[in-house]
Amino acid sequence: MCGIVGYIGKKQAAPVLIGALKRLEYRGYDSAGIAVNSGKKINVVKTKGKLNVLAEKIEGGNAVKGTTAIGHTRWATHGKPSDINAHPHTSGSGRIAVVHNGIIENYIELKDFLIKKGYRFISETDTEVIAHLADFYYKGDLLKMTARLTQTLKGSYALEIISQDKPDEIAAVKKDSPLIIGLGDGENFIASDIPAVLPYTRNVYIIEDYEIALIKREGVALYNTELEHINKEVFYVNWNVSAAEKGGYEHFMIKEIMEEPQAILNTVSQMVGQGMMKIDKIPDKINIVACGSSYNVGVAGKYIIEQIAKIPVEVDTASEYRYRDALLTKNTLVVVISQSGETADTLAALRESKRRGAETLSIVNVIGSTIAREADRVLYTLAGPEISVATTKAYSTQLAAVYMLALSLAKAEGKLSPELEKYYGEELFKLPSLINKILEQKDKIKDLASKYFKAKNVFFIGRGIDYALSLEGALKLKEISYIHSEAYPAGELKHGPISLIEDGTLVVALATQEKLFEKTLNNIKEVKSRGAVVLSIVEEENTQIEECSDDVFYLPKTNKMFTSSLAATILQLFAYYVANLNGNDVDQPRNLAKSVTVE
Ligand code: F6R
């Protein structure tokens with residue numbers, strides 16, 4: 001949940017780290033800090049607040065001199081955001097400094113042990129035990145000390161450690177938290193994620209669990225926990241650096257929404273027209289497991305796969321699935337969906353499924369991420385780096401990936417005739433231009449947002465796949481605008497929630513499914529007659545909706561399964577403008593982080 005970075009080279013390290021941390025701020029942003037080895041001592045500067053508070057304090061990095069350094073941007077787990085709880089943490093009168101992303105599960109036991117050894121704790125964090133333990137183990141060899149740490153620490157960690165007497169070395173290791181090393185010429189970089197190092201290098205090592213790295217200016221050596229040398233392939237990153245920058249937009253979120261047509265085109269092109277995904281074994285049941293917006297894609301996936309491939313689908317949030325001993329049939333396929341590919345609950349659910357012998361498929365955006373590597377098969381969403389904490393283009397490409405999975409399954413079962421495959425393919429390829437039509441109307445959505453941005457409670461309702469989209473509309477709105485919003489199947493309102501409808505309550509009604517249109521229309525009338533203000537989203541010919549709506553947004557016509565992709569963009573734009581009009585930090589909403597690597 002936090003971001004860690006490191007630099008060793010000939011440049012002044014602190015300004016490099018501030019830039020790198022900026023590109024990782026999506027991972028956490030309640031405090032930040034750096035530790036720079038000046039050659040004589042380790043200088044630590046850390047502070048509560050966003051990175052710019054730290055950057056100002058150290059004049060963009062120019063105030064702290066040294067060419068070897070580690071840095072951190074935090075999303076608090078143990079201990080509130082504060083100067084003391086911020087990383088790096090130090091030990092041994094400041095001779096060792098550590099940054100950490102993850103959670104140490106046995107920290108209480110280790111803390112007791114270290115207190116008995118005379119160590120004094122000053123923070124509320126679990127990470128401080130690592131700093132003291134590192135000091136306790138350190139006998140002049142960073143590598144040996146790091147290997148010992150891996151034997152003692154339980155939980156998840158991506159760690160960087162420096163020692164005052166080793167100004168030419170950084171040690172790093174990971175378990176269940178991401179870590180990459182960027183390889184430069186006479187300089188090397190460490191980070192939680194690739195975008196942090198992209199301005200400097202495209203050659204990276206993707207570090208696996210329990211691989212220990214000793215990083216020097218002139219090279220990087222990798223070892224296993226027995227300290228045997230290991231060889232690793234260099235991964236070449238082929239994205240554009242600008243993909244991780246704002247490119248003239250006010251926020252990453254709006255930039256990323258505007259990138260949806262291209263992202264969907266890239267995702268769809270890898271399969272449609274290429275004969276779809278090869279499926280060797282047709283599952284008799286599919287369990288989709290994910291968190292947050294990715295879970296909402298799973299709910300849509302249930303409708304899509306059951307409709308197109310006629311295979312029963314169960315959908316679970318990963319935090320529930322991992323503990324519920326879900327029933328696996330002889331041929332259950334477990335599909336995990338994750339933008340980051342690092343979400344702790346989703347990863348645990350994947351591992352549990354594999355342990356129980358299920359076939360697994362992951363739908364992942366971050367190439368080379370842990371979930372992508374560990375699943376039996378991976379279907380990449382080619383959305384490119386997504387920086388805004390609230391997902392948009394990744395969600396939209398996940399939906400596209402689910403359409404393709406459904407079509408691939410139908411084809412493998414012999415249920416997709418060549419004509420039908422051609423028809424669906426053509427419809428999918430039309431999606432980018434249809435989404436462009438929505439994007440061209442973004443000012444209309446902004447006008448709607450300016451009418452409703454003061455709403456206190458919002459209901460999103462729909463039937464069938466529109467219900468799945470309602471879930472995402474409500475999540476998007478609440479997470480960035482802080483307006484209470486709920487999603488309900490339209491037919492469920494009368495079983496309780498309708499008592500919350502009063503004069504002026506905003507109801508966003510999705511009625512894009514022809515077969516269910518009349519039914520949803522009746523539900524809209526029910527809320528309207530109880531004082532609700534209704535914003536409806538329907539296909540273009542359904543003008544009768546106007547009699548019971550205050551505002552209507554019309555969607556261009558496409559196959560009923562794919563209207564969801566169009567509705568998604570509208571809901572994302574609506575949430576974006578509402579949050580922006582409320583003056584919120586759209587890209588970094590309070591209490592959230594992009595990559596949730598804790599349980
Ligand atoms: C909401 C959002 C989160 C993520 C969730 C899962 O906008 O981004 O709800 O969808 O944390 O993350 P991934 O997809 O990375 O596993």
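The model shown is predicted, which means the values in this text are computed figures rather than measured ones. First listed ligand is number 1; within each ligand, the first listed atom is number 1.
- The atoms of ligand 1 that sit less than 4.0 Å from any heavy atom of S338 are 13 (P), 14 (O), 15 (O), 16 (O).
- Close approach to Q339 involves these atoms of ligand 1, each under 4.0 Å from a residue heavy atom: 13 (P), 14 (O), 15 (O), 16 (O).
- The distance from ligand 1 to the heavy atoms of A390 drops below 4.0 Å at these ligand atoms: 7 (O).
- Ligand 1 lies within reach of V389, whose nearest heavy atom is under 4.0 Å from it.
- Among the candidates E256, E386, E259, the single residue satisfying the salt bridge (Lys or Arg N to Asp or Glu O under 4.0 Å) test with K393 is E259.
- For the residue pair T397/T267, the side-chain donor-acceptor check at 3.5 Å is not satisfied.
- The ring of F562 has its center closer than 6.0 angstrom to the ring center of Y403.
- Across K478 and S485, no two heavy atoms sit closer than the pair CE-O, 3.0 Å.
- Contacts classified as ring-ring contact (aromatic ring centres under 6.0 Å, His included) and involving residues 563-589 (residues at least two apart or in different chains) are given here: H251-Y576.
- Close approach of ligand 1 to K476 (heavy-atom distance below 4.0 Å) involves ligand atoms 1 (C), 7 (O).
- Near S340, with a cut-off below 4.0 Å to any heavy atom, the atoms of ligand 1 are 13 (P), 15 (O), 16 (O).
- Counting only heavy atoms of the protein, atom 13 (P) of ligand 1 lies nearest to T343 OG1, 3.2 Å.
- Residues meeting the side-chain hydrogen bond (donor to acceptor under 3.5 Å, both in side chains) test with S294, sequence neighbours left out: Q398.
- With a heavy-atom cut-off of 4.0 Å, E342 does not touch ligand 1 at all.
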